[in-house]
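Please read the structure below before turning to the comments.
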Amino acid sequence: MKRQRAKAADHRQVKIMRRQLERAWVSVRTLRSQLRETERKYHEMAETLPEVLYEADMTGRVVYYNAAALRIFGFTRADFKRGVSVIQLMAPEERERATRRMRALLRGEMGKVGEYMAMKKSGERFSVIARSRPVMRDGRVAGFRGVVIDASPLKQAQKALQEKSRQQEVLLANIPDMAWMKDSKGRFIMVNKAWERFTGILASRVIGKTELDLIPRHMARKFHLDDFRAMRSRKPLYIQEEVPARQGDMRWLETAKIPIVGKDGGVLGLTGIARDITERRKADLSIRDSEQRLAAIINFLPDATFVVDVKGRVIAWNRAIEAMTGIDSKDMLGKGNKAYSIPFYGKRRPILIDLVLNPKLIKTAKYQSLQRIGQALVGETFCPGVQPGGANLWGKATPIYNAKGELVGAIESVRDVTKLRRAERALKESEERYRSLVETIIEVIWETDTEGRYRYISPQIKQVLGYEPREVVGKTCFDFMPPEDAKRLRSWFARLGREKKPFVNLENTVIHKDGRMVDLETDGVPFFSQSGELLGYRGADRDISERKRLKEEILRTSEWEQRRIGQELHDGLIQNLAGIAIVGNSLSQRLQKKAPEEALDAAKISESVREAIAEARSVARGLVPVDVDANGLMVALRNLAAKVRQRSGLRCVFQCRRPAPIQSNETATHLYRIAQEALNNAVKHSSARKIMVSLENRDDGTELIVRDDGVGFGDHLRSGQGMGLHIMNYRARMIGGQLDVRPGGRRGVLVRCFLPGIQEAGVQRARKKTRKFPA
């Protein structure tokens, strides 16, 4: 009878153990399915994100990256496998700043959103917005991770995580469950093969013994006490504990100790079932780490971002969208039925993420702009509920697919572009005001590139040169100039572009559409890119033809009036004074015998009159410096040098190595006035000891040079705005000459006026005789 009861009890215990084993196996399969589903869900979300996600170790080497990194930066997986650093992804000028940021992260400082100039493998540069933070493991910094805006799906990360998931599946599929039985004294009466494999102890050595006989006492005592606790309570005892395995490593076991109770209520022993849950615990930790990583990545995104599953339930709601909507993630996660649209519109309605999940809704969508880019939908609309007065929001939604290509959800990023649109409207209004202003002023407003090609010119060009703006855009100012002026100004403009300097009051001659010449005065200033690169010039042209004509008329009138006054002085006043001097001499001679004192006064009067005659003659020569004779300029310059030497005490020398006759008295007068102004500047400003004036008739023209050995360019010359310099330039242009003012070597200033193509009669014969005109 007792044997039958024991047999029945054993049968019941076997049934209990079988049920426990079945439940354990179901639990393993459920856990494995949940693990795969959870990892698939989060990895698919990461891979479909349009942003680049990465993680780097302590050296800055990228140890984690997604597929967007490959597409955006152009590197291959082999490149990353060999080793690509975060600094290598930055443009050269950004690498020092990125290095400082990386060092701060490795010190444990939290990252901030920053804008960087990145560089693809091909060398192409592009702007990115990035954010990063340190990675902490066991309380220590183990690297850093971050996100870069506008990245592609994370293919590489998905592949790595899928491989890891497959490894975990293999481990879980091969985890054996251990089973054993003990009597009421705690002695083993049965162990299975799994127990043997785990402990490395054969069943033949176990039967009839307790843990105290098999393993160290401090460990065996705990197992022994748990056995008797379960048997005393007559209730199953479930324990999770870490125990040493056969190889000596520690393993986590989930153990169920079930008392075997007889019909009389007495405890016959217990059955134990243990399942190695080490991999499950690791999987749990991995899932939590994966969830935390992906949640951290989404939270790092500077744009408001949320994710829904295929049923429209919110499964991610980052901090940026919390700040935008004022709704905390815990109040939104898990909600469906378009609850996520209420913060934006104040009611439930389809938005971009719904259009991605259900493309049929696109026909009725209410967006200011909506376009499809690949699988993504990009749109912009006005949302009245985001902030007081509403806001213009830009959004991008992308579907999320699992490994089988099944739609499992969607992700949407939202950006507030209200300020940008306001700025665009303000810019447009400003441009309209500027255009209206440009088109109403008299001056011709223009803009050129670095080669001098017009990119814009105002409609006033029609009034000034007769051309429509479309006929001028794309051409250069040199295309409208006489060839000689174009050649001269082209080299000058090239030098100006290298120096990146502005210019003012540049006089130039251009050809009207009807063929006549038009004189312009031009101002221009350079403009640059944000990096300091010269982009071109902007400026204005003024038609000064009439003003120049009036100037020339005034100058001619002034010269004519000076000559008239000088002639009248010579023919009138000087002759009268000469007569007075003769009368004074006669009177002095007659009074010498009768009144010697009065004779002396008369002599003094006569001497004063002669001095007045000399002064009047000097004034007359200044007013009419050049005689009508062709050699008059050489004589006048010699006299001018002598006068400067006499009045200033400087050594002033005039040289003319071969005759330079000037037939035109007007040309000679202008050359004389240029030399006179240059000498005056040298005497007043140069602190020179010697001044050289030379006049030479060359094969290609006549050249006048005034050179001093003074201190060089002063402010009056460096600015180019002095009245004297302006008049010299004007006189040179009036006679078709070219004026050049530049440093005279190591010291001093050189003023050169060149008249091209002047060949006077008899010059070839005069070359045989070298003649020098001393001062």
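Since this is a predicted model, take the numbers as computed values, not measurements.
With sequence neighbours left out, Arg140 forms a salt bridge (Lys or Arg N to Asp or Glu O under 4.0 Å) with no residue at all. Arg455 pairs by the salt bridge (Lys or Arg N to Asp or Glu O under 4.0 Å) definition with Glu447, not counting sequence neighbours. Residues passing the salt bridge (Lys or Arg N to Asp or Glu O under 4.0 Å) test with Glu94, sequence neighbours excluded: Arg97. With sequence neighbours excluded, the residues satisfying side chain to side chain contact (heavy atoms under 4.5 Å, CB included) with Ala304 are Ala320, Ile321, Met324, Val414. Applying the side-chain hydrogen bond (donor to acceptor under 3.5 Å, both in side chains) test to Ser531 and every residue at least two apart in sequence or in another chain returns Ser529. Qualifying salt bridge (Lys or Arg N to Asp or Glu O under 4.0 Å) partners for Lys330, counting only residues two or more places apart in sequence or in other chains: Asp328. For Thr76, the side chain to side chain contact (heavy atoms under 4.5 Å, CB included) partners are Ala78, Asp79, not counting sequence neighbours. In this view, Thr255 and Trp180, Glu241, Leu253, Lys257, Ala274 satisfy the side chain to side chain contact (heavy atoms under 4.5 Å, CB included) rule, not counting sequence neighbours. Applying the side chain to side chain contact (heavy atoms under 4.5 Å, CB included) test to Ala118 and every residue at least two apart in sequence or in another chain returns Phe73, Met90, Phe126, Val128.
Pairs of residues two or more places apart, or lying in two chains, that qualify as salt bridge (Lys or Arg N to Asp or Glu O under 4.0 Å) and include a residue from residues 378-392 are Glu380-Arg421. Sorted by first and then second residue, the pairs that involve residues 303-327 and meet ring-ring contact (aromatic ring centres under 6.0 Å, His included), not counting sequence neighbours, are Phe306-Trp317, Phe306-Tyr340. The salt bridge (Lys or Arg N to Asp or Glu O under 4.0 Å) pairs that include a residue from residues 341-367 number zero, where partners must be two or more places apart or lie in different chains.
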